[in-house]
Amino acid sequence: MSEPAHRSLTRPAVCLSLALITALMPLTGCRKKPPTVVQTDKIIRRNLTELVTAAGKLQPVVQVKISPEVAGEITELPVKVGQMVHKGDLLVRIRRDLYEASLRSAEANFRSSQASEINSQSTARKAESEFRRAEELFKKKLISDSAFDEARTAYEVAKANVDAAHEQVEMARASSKKAEEDLLKTTIVSPIDGTVTKLNSERGERVVGTGMMAGTEIMSIADLTEMEARVEVGETDVVLVQLGQKVRVEVDSFRDRKFQGVVTQVAKSANTTGTNTQQESTKFEIRIHMLDKDPFLPGMSVTAEVETRYRTNVVTVPIQSVTTRLATNVVVKAPDMDGGKGRDAFELVSNKKAKDGPKPQDVVFVIENNTAKMVQVQRGISDDSFYEILSGLNEGQEVVTGSYKAISKELEDGGAIKHEEVPGDKKGGAKKG
């Protein structure tokens, strides 16, 4: 009876052990992880163009702000906004009465100073004659020393008066010239061929001249046949932008069209906004000459794509294929054991023991025998869709291109994968650029 009793006691214990083992299998990793569903593509070579994108406004290359140099009332204003004008056309005329009176007064003063100069010259000639006679008499001892000194002093004063009268004439001439120029400045003509883009004043208004202050901006004239886009780029991108680079420009007012441009100016100083705040921004202005001659208007919003760098026939992968993972181990140079005569020795140590801690790496998952192999890569330039791969991959390899969740979190080195067919996807990748 002892044997059946022994069997009856051990059978429940065996069942309990099997149940515990079954329950603990997921925790101990005994259960196999299901394959990760991914999309893949073949690596091919492409031509890549790196772009720097920036937003801004269209402005004329040549724009002139018209402000008067003299103050007064506007008596004529024969132009309107949008009107075409040619160089020399009348734009503004300011009331001339005051300036005509000033010119007449200056001219009269000039003539008076000329008469004074003639009078002083006559006086000087008379004083010179008297001095010569006094000099002859003095030599013959016929006049006293004091009489001779008096004649000589009168002559020197007369010569000084001639010089002063001459300077008065020059001052009067300058005043007359200024009054004449002020009178001419009451008429303003167009300095360029262009279009009136802004008109701030009306006939009958009084304007302030620019002689002593900023003055009144009456209007703006621009040559709309030559336009440029003025955009701002960040400090990390401005170092890539150079004069002469090609640009594709999208103008919001012209949908579904891209215009051609070229970089003509790169700012050498930054425009900083929000200084010492969380919104602080450092931007550099880039000017792009528009090669197309469409009817652009100042102030239109644009988006510019500057072609900064170009690569031909390089190994590329889709941007979404590249992710960042922390390295599981790092390579550290071991101490030289043979005095530098032999080769350098290396050892693998855990990142937990590395001095600098874990370092993120750019990686791509390559498909080998239905498993994902994590490969560290070095990136080059990129466009909107692809990265240039400088090292780590070869043409023809199959890489994981999706999903984002699988690439960024789910895939592991050596993990099993399952292909997912994407509608419209063709095996072998995209065509070469």
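Using modelled atom types, one side-chain atom of Asn200 and one backbone atom of Glu217 make a donor-acceptor pair closer than 3.5 Å. Side-chain atoms of Thr401 come within 3.5 Å of backbone N or O of Gln39 as a donor-acceptor pair. A donor-acceptor pair is defined here as one N or O able to donate and one able to accept, closer than 3.5 Å; no such pair exists between the side chain of Glu167 and the backbone of Ala164. Of the possible donor and acceptor atoms, one in the side chain of Thr216 sits under 3.5 Å from a partner among the backbone N and O of Val208. Side chain of Ser105 to backbone of Ala101: no donor-acceptor contact under 3.5 angstrom is found. A donor-acceptor pair under 3.5 Å links the side-chain atoms of Ser102 to the main chain of Leu98, judged by distance alone.
With a 4.5 Å cut-off on side-chain heavy atoms, Thr197 and Leu224 count as touching. Looking only at side-chain heavy atoms (C-beta outward), Ser382 and Glu388 stay at 4.5 Å or farther from each other. Between Leu91 and Ile221 the shortest side-chain heavy-atom distance falls below 4.5 Å. Taking the side chain as every heavy atom from C-beta outward, Lys57 and Gln59 approach each other to under 4.5 Å. Annotation: side chain of Val317 is in contact with side chain of Leu393 (closest heavy-atom distance under 4.5 Å). Side chains of Val266 and Gln242 form no contact here, defined as non-hydrogen atoms less than 4.5 Å apart. Looking at heavy atoms from C-beta onward, Leu411 lies in side-chain contact with Ile417 at the 4.5 angstrom threshold. Taking 4.5 Å as the limit, every side-chain heavy atom of Leu51 sits out of range of all side-chain heavy atoms of Val306.
Taken from CZ in Arg125 to OG in Ser120, the straight-line distance is 9.0 Å, to the nearest 0.5 Å. Rounding to the nearest 0.5 Å gives a distance of 10.5 Å between CG of Asn271 and NZ of Lys283. Remark: Ser113 OG to His166 NE2 distance equals 10.5 Å, nearest 0.5 Å. The CD atom of Glu285 lies 6.5 Å from the CD atom of Glu232; values are rounded to the nearest 0.5 Å. In this structure, the separation between CG on Asp89 and NZ on Lys87 is 12.0 Å, given to the nearest 0.5 Å. Of the inter-residue distances, the one linking Asp383 atom CG with Ile319 atom CD1 reads 6.5 Å to the nearest 0.5 angstrom.
Every ring pair (Phe, Tyr, Trp, His ring centres under 6.0 Å) that Tyr155 has, sequence neighbours left out, goes to Phe131. For Lys258, the salt bridge (Lys or Arg N to Asp or Glu O under 4.0 Å) partners two or more places apart in sequence, or in a different chain, are Glu250, Glu305. Under the rule for a side-chain contact (heavy atoms from CB on, under 4.5 Å), the partners of Leu291 that lie at least two apart in sequence or sit in another chain are Gln260, Val262, His289. Residues forming a side-chain contact (heavy atoms from CB on, under 4.5 Å) with Glu69 (at least two apart in sequence, or on another chain): Lys185, Thr210. When the salt bridge (Lys or Arg N to Asp or Glu O under 4.0 Å) test is applied to Glu156, no partner is found at least two apart in sequence or on another chain. Not counting sequence neighbours, the partners of Pro78 by the side-chain contact (heavy atoms from CB on, under 4.5 Å) test are Leu90. For the side-chain contact (heavy atoms from CB on, under 4.5 Å) test, residues two or more places apart in sequence or in another chain that qualify with Lys418 are Pro35, Val37.
Using modelled atom types, one finds a donor on one side chain and an acceptor on the other under 3.5 Å when comparing Glu398 with His419. Using modelled atom types and a 3.5 Å distance limit, the side chains of Thr264 and Arg287 yield no donor-acceptor pair. Residues Gln378 and Asp362 bring no donor and acceptor atom of their side chains to less than 3.5 Å of each other. A donor-acceptor pair shorter than 3.5 Å can be found between the side chains of Thr316 and Arg46. For the residue pair Ser176 and Arg173, no side-chain donor N or O sits within less than 3.5 Å of a side-chain acceptor on the partner.
Lys126 has no carboxylate O lying under 4.0 Å from a charged side-chain N of Glu128, or vice versa, which leaves the two without a salt bridge. Using a 4.0 Å cut-off between a side-chain N of Lys or Arg and a carboxylate O of Asp or Glu, Arg248 and Glu307 qualify as a salt bridge. Remark: Asp182 engages Lys178 in a salt bridge, criterion side-chain N to carboxylate O under 4.0 Å.
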Under 3.5 Å, side-chain donor or acceptor atoms of residues 363-376 against the rest of the protein: list the pairs with distances, not counting sequence neighbours.
{"from": "Thr371", "atom 1": "OG1", "to": "Glu368", "atom 2": "O", "distance (Å)": "2.5"}
{"from": "Gln376", "atom 1": "OE1", "to": "Gln361", "atom 2": "NE2", "distance (Å)": "3.4"}

- Test side-chain contact (heavy atoms from CB on, under 4.5 Å) applied to Ile74 and Val207, step by step: CA-CA 7 Å; Ile74 297 177; Val207 293; 3.7 Å; yes
- Message: I'd like to know whether Leu103 forms a side-chain contact (heavy atoms from CB on, under 4.5 Å) with Glu180, so could you lay out the CA-CA distance, the side-chain angles of the two residues, the decisive distance to 0.1 Å, and finally the verdict.
- Response: CA-CA 6 Å; Leu103 177 58; Glu180 183 180 359; 3.8 Å; yes
- Message: Run Thr187 and Arg93 through side chain to side chain donor-acceptor pair (under 3.5 Å) and show every step you take.
- Response: CA-CA 5 Å; Thr187 300; Arg93 181 167 282 132; 3.3 Å; yes
- Query: Are Arg309 and Arg311 close enough, and set up right, to give a side-chain contact (heavy atoms from CB on, under 4.5 Å), and what steps lead you there?
  - Reply: CA-CA 7 Å; Arg309 291 184 287 184; Arg311 298 288 186 270; 4.2 Å; yes
- Task: Run the numbers on Leu240 and Val238 for side-chain contact (heavy atoms from CB on, under 4.5 Å), then give the verdict.
- Result: CA-CA 5 Å; Leu240 303 175; Val238 70; over 6 Å; no
- Task: Take Lys405 and Glu410 through the test salt bridge (charged side-chain N to carboxylate O under 4.0 Å, His left out) and record every step on the way to the result.
- Result: CA-CA 6 Å; Lys405 182 179 179 182; Glu410 295 178 349; 3.8 Å; yes
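For the salt bridge (Lys or Arg N to Asp or Glu O under 4.0 Å) condition, no pair includes a residue of residues 104-124, sequence neighbours left out. Within the structure, salt bridge (Lys or Arg N to Asp or Glu O under 4.0 Å) contacts touching residues 196-208 (residues at least two apart or in different chains) do not occur. Counting only residues at least two apart or in different chains, ring-ring contact (aromatic ring centres under 6.0 Å, His included) contacts with residues 224-265 comprise Phe254-Phe259, Phe254-Phe296, Phe259-Phe296. Here ring-ring contact (aromatic ring centres under 6.0 Å, His included) pairs that include residues 89-113, with residues two or more places apart or in two chains, number zero.
Crowding of Lys293 atom NZ: a count of heavy atoms from other residues, nucleotides or ligands under 6.0 Å exceeding 12.
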